[in-house]
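Below, read A as the first sequence line, B as the second, and so on, with proteins coming before strands; counting in each chain starts at 1.
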2 protein chains.
Amino acid sequence: MTRKRHATATDVARLAGVSQSAVSRAFTPGASIAEETRARVAEAARQLGYRPNAIARSLTTRRSRIIGVAASYLQNHFYPDVLEALSRGLQARGYQMLLFMPDAGRHADPQLQEVLAWRVDALILASTTLSSALADQCQAAGIPVLLFNRTSRAPSVSSVTGENLRGGRLIAEFLVASGHRRLGFLAGIENSSTSRDRESGFCGWLQENGHPPPLREVGLYQFEEAAAAARRLLARPDRPDAIFCGNDHMATAVAEVARHEFGLRIPRDLSLVGFDDTGPARWPSFSLTSFSQPVQPMVDATVALVCEMIEDPATPTRHEVVRGELVVRGSARMPPEGCVSLAEQLVWRPVRNDITG
Amino acid sequence: MTRKRHATATDVARLAGVSQSAVSRAFTPGASIAEETRARVAEAARQLGYRPNAIARSLTTRRSRIIGVAASYLQNHFYPDVLEALSRGLQARGYQMLLFMPDAGRHADPQLQEVLAWRVDALILASTTLSSALADQCQAAGIPVLLFNRTSRAPSVSSVTGENLRGGRLIAEFLVASGHRRLGFLAGIENSSTSRDRESGFCGWLQENGHPPPLREVGLYQFEEAAAAARRLLARPDRPDAIFCGNDHMATAVAEVARHEFGLRIPRDLSLVGFDDTGPARWPSFSLTSFSQPVQPMVDATVALVCEMIEDPATPTRHEVVRGELVVRGSARMPPEGCVSLAEQLVWRPVRNDITG
DNA sequence: GTTAGGGTTGCATGCGTATGCAAGCGCCGG
DNA sequence: CCGGCGCTTGCATACGCATGCAACCCTAAC
């Protein structure tokens with residue numbers, strides 16, 4: 001059994017008694033071709049099992065209709081959700097997804113080179129930082145780049161994120177309002193914009209309102225690291241009575257350690273707040289109070305923006321921030337007031353509305 | 001700002017003072033070219049930021065070095081793990097991954113057509129069934145197809161799976177040995193080979209050993225469906241004292257419902273056994289006894305087989321079954337004997353060794 | 001009857017790279 | 001000194017499709 005050759009447009013043309021151009025036009029929406037010819041071509045194509053070769057097409061059109069997508073940290077359930085939504089969103093617009101997973105913690109450069117060799121129409125980097133060398137390279141090649149759930153220090157790269165800063169501030173206010181006094185913060189990846197922004201929102205509000213800075217540990221957005229950090233934090237004599245975890249994934253790790261290794265009850269002995277509002281965090285066992293990053297709106301914004309950048313290379317840099325809510329569940333003691341129902345969920349809205357992004 | 005043209009091999013050739021062929025050879029490992037020429041080309045390429053165009057290359061070589069990967073059910077943490085391993089495995093062999101997510105429950109045909117247009121070197125279908133029409137089409141086009149965690153009724157399609165049948169049998173024996181008498185089975189997707197095989201192993205052993213068939217509900221491998229099924233099962237007057245859940249993802253759903261809606265204690269009031277041994281199921285809160293499908297070995301087998309099929313189209317159909325273990329944790333009462341330590345885990349090995357696959 | 005114009009069609013070419021073939025070069029043994 | 005061989009190199013072409021251009025047909029308007 002040898003590898004068979006695919007039928008080509010020329011084969012179809014011969015069978016249908018038309019030129020190869022006609023076959024091409026028959027498969028190009030909006031091309032100038034008589035309905036009867038199109039039908040004859042379609043029939044011949046069916047007989048031969050012909051499908052236009054996307055590779056050859058891309059070579060001539062100079063558009064691949066492929067979008068490179070980088071995603072690491074699939075352990076965090078936020079990202080599988082994102083991938084799924086992204087896949088459907090891009091597919092609906094006629095794009096394919098070339099997926100690659102950069103080695104965690106490092107720049108994505110080497111694999112990215114492979115992806116760029118495919119002349120992708122755009123690049124979406126989820127939870128990935130971009131080396132400035134590569135940013136320049138994409139800029140020079142005119143390849144739109146979009147950071148998802150990250151921003152770049154180089155502000156020329158567009159991004160879609162949640163409200164990291166506002167979320168951090170709101171969580172600080174929430175925890176203080178509910179009477180916590182020994183706060184802890186569990187950072188994600190140190191040089192990630194999300195972790196930085198969430199932390200500076202959190203600490204910023206505390207400082208501005210005369211509260212001491214929180215205890216601090218680093219969990220690198222990973223389960224085991226977060227669990228280890230939780231052990232350090234909870235073993236302290238001045239153990240915190242509330243911990244803001246950089247994301248839900250780490251918060252579940254902290255909950256596991258707190259309950260099963262320290263025998264703590266949540267939220268009686270320890271309050272937990274996460275970020276993302278996704279995955280197991282919603283299950284009754286965790287019932288995590290968390291600032292939401294709504295996947296579908298974020299992905300919708302991403303798809304819309306990336307398509308715009310592809311169609312109009314002159315699209316200016318944009319940083320879209322998708323609105324989130326502090327979803328209140330059972331993992332943190334509740335403040336006496338400010339909780340309101342919204343779309344069948346309980347969310348927290350501080351009474352004085354002076355929180356700014 | 002207009003889209004810039006990429007540098008081509010001809011541009012590099014001109015700058016380096018060689019022919020375009022020389023540039024091509026400079027980037028082709030093993031091609032006949034003088035070291036000094038290669039260096040000059042490399043330098044010119046560096047100056048121009050040249051990278052070979054993978055699209056044009058694929059057109060001439062008739063090999064895309066792209067593998068189409070279908071994956072649905074990313075909610076089940078098994079699959080993100082698989083994706084991650086697969087990505088690294090394929091990348092290490094120089095392949096890119098064109099990912100698409102078929103609409104759950106239906107055949108993947110429409111999107112698959114788009115993927116086939118890219119002349120992928122092979123197709124890996126994870127948790128996806130293949131219509132026989134499409135199987136024929138791939139067969140005719142000589143595109144290797146590999147089913148991951150599924151088998152096909154058409155036995156001509158190769159596959160990599162876990163030990164579904166043996167796992168099901170072993171779990172039956174395990175639950176009976178630990179004194180359970182009212183068993184339940186929570187099926188996944190009815191027409192999936194995994195669910196069928198696990199069930200027939202489970203029920204087969206029970207029948208052969210004179211036990212009544214289990215109560216049965218369907219959870220479709222989905223969290224909410226499984227939760228609903230659990231409610232039906234646990235509300236019965238003859239509520240089961242042990243449930244074998246078709247996978248860990250459904251088992252966590254059942255655990256949530258049992259604890260938080262029925263106030264049951266696990267395993268005192270209800271024993272749970274899952275399948276996959278992955279994700280949150282390992283966390284202390286669930287501590288799920290589960291038959292393992294080891295991701296890395298399964299992916300290794302997949303990558304090796306798919307590469308073999310690509311390199312040698314004459315590779316015969318193969319159905320690889322990757323060995324698993326019944327990993328014993330806390331979600332099910334333990335039998336008086338048969339638990340042994342293996343690689344820092346507790347696994348169950350029945351005393352009489354008459355279990356066959 | 002003539003002409004303008006819109007709708008179709010085929011021809012020729014280009015997209016960027018790989019590769020068979022033949023030519024060129026230097027080196028060695030006879 | 002010459003023939004032959006092996007290593008490099010360039011030339012020409014093919015891969016499969018899209019598309020500008022010109023040719024063509026037909027209808028409608030004059």
Within less than 4.0 Å of OP1 or OP2 of [N], is there a side-chain N or O belonging to [X]?
X     : N      : value
A:R63 : D:dA18 : no
A:T60 : C:dC15 : no
B:R57 : C:dA18 : yes

Find the distance [X]:[atom1] to [N]:[atom2] and express it as a whole number of Å.
X     : N      : atom1 : atom2 : result
B:R62 : C:dT19 : CZ    : C1'   : 13 Å
A:R65 : C:dC15 : CZ    : P     : 22 Å
B:R51 : C:dG16 : CZ    : P     : 17 Å
A:I55 : C:dG16 : CD1   : P     : 16 Å
B:N53 : C:dG14 : CG    : P     : 18 Å
B:D11 : C:dC15 : CG    : C1'   : 13 Å
A:F27 : D:dG16 : CZ    : C1'   : 13 Å
B:E36 : D:dT9  : CD    : C1'   : 13 Å

- Task: For the residue pair B:F27 and B:Y50, categorise the inter-ring angle as parallel (less than 30°), tilted (30 to 60°) or perpendicular (more than 60°).
- Result: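 Ring orientation of B:F27 relative to B:Y50: perpendicular.
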- Would you call the rings of A:Y79 and A:F148 parallel, tilted or perpendicular if under 30° counts as parallel and over 60° as perpendicular? perpendicular
- Query: Can you find a side-chain donor-acceptor pair between B:S127 and B:Y221 that sits under 3.5 Å?
  - Reply: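 There is no such pair (donor and acceptor under 3.5 Å, judged by atom type) between the side chains of B:S127 and B:Y221.
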- Task: Check the side chains of B:E114 and A:Q91 for a donor-acceptor pair under 3.5 angstrom, ignoring hydrogens and angles.
- Result: no
- Message: Under 4.0 Å between a side-chain nitrogen and a carboxylate oxygen: does that hold for A:R46 and A:E43?
- Response: yes
When only distance counts, do a donor and an acceptor, one from the side chain of [X] and one from the base of [N], lie under 3.5 Å apart?
X     : N      : answer
B:T28 : C:dT19 : no
A:S58 : C:dC15 : no
B:T61 : C:dT17 : no
A:T8  : D:dC15 : no

- Looking at every strand, decide which applies to B:V23 at a 4.0 Å heavy-atom threshold: base, sugar-phosphate, or nothing. nothing
- Message: Judged by each residue's nearest nucleotide on DNA chain D, which is more toward the 5′ side, B:R119 or B:E35?
- Response: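 Going by which nucleotide is closer to the 5' end, it is B:E35.
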- Ranking B:S21 and B:A56 by the position along DNA chain D of their nearest nucleotide, the one closer to 5' is B:S21
- With DNA chain C as reference, determine whether A:Q20 or A:I33 sits nearer its 5' end, using the nearest nucleotide of each.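 Checking each residue's closest nucleotide, the 5'-ward one belongs to A:I33.
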Given [options], identify the nucleotide with an atom nearest to the side chain of [X].
X     : options                : value
B:R25 : D:dC17, D:dT9, C:dT9   : D:dT9
B:L59 : D:dG10, D:dG16, D:dA18 : D:dG16
B:S19 : C:dG10, D:dT9, D:dG10  : D:dG10

- Query: Would you say B:E320 and B:L305 make side-chain contact, with heavy atoms under 4.5 Å?
  - Reply: yes
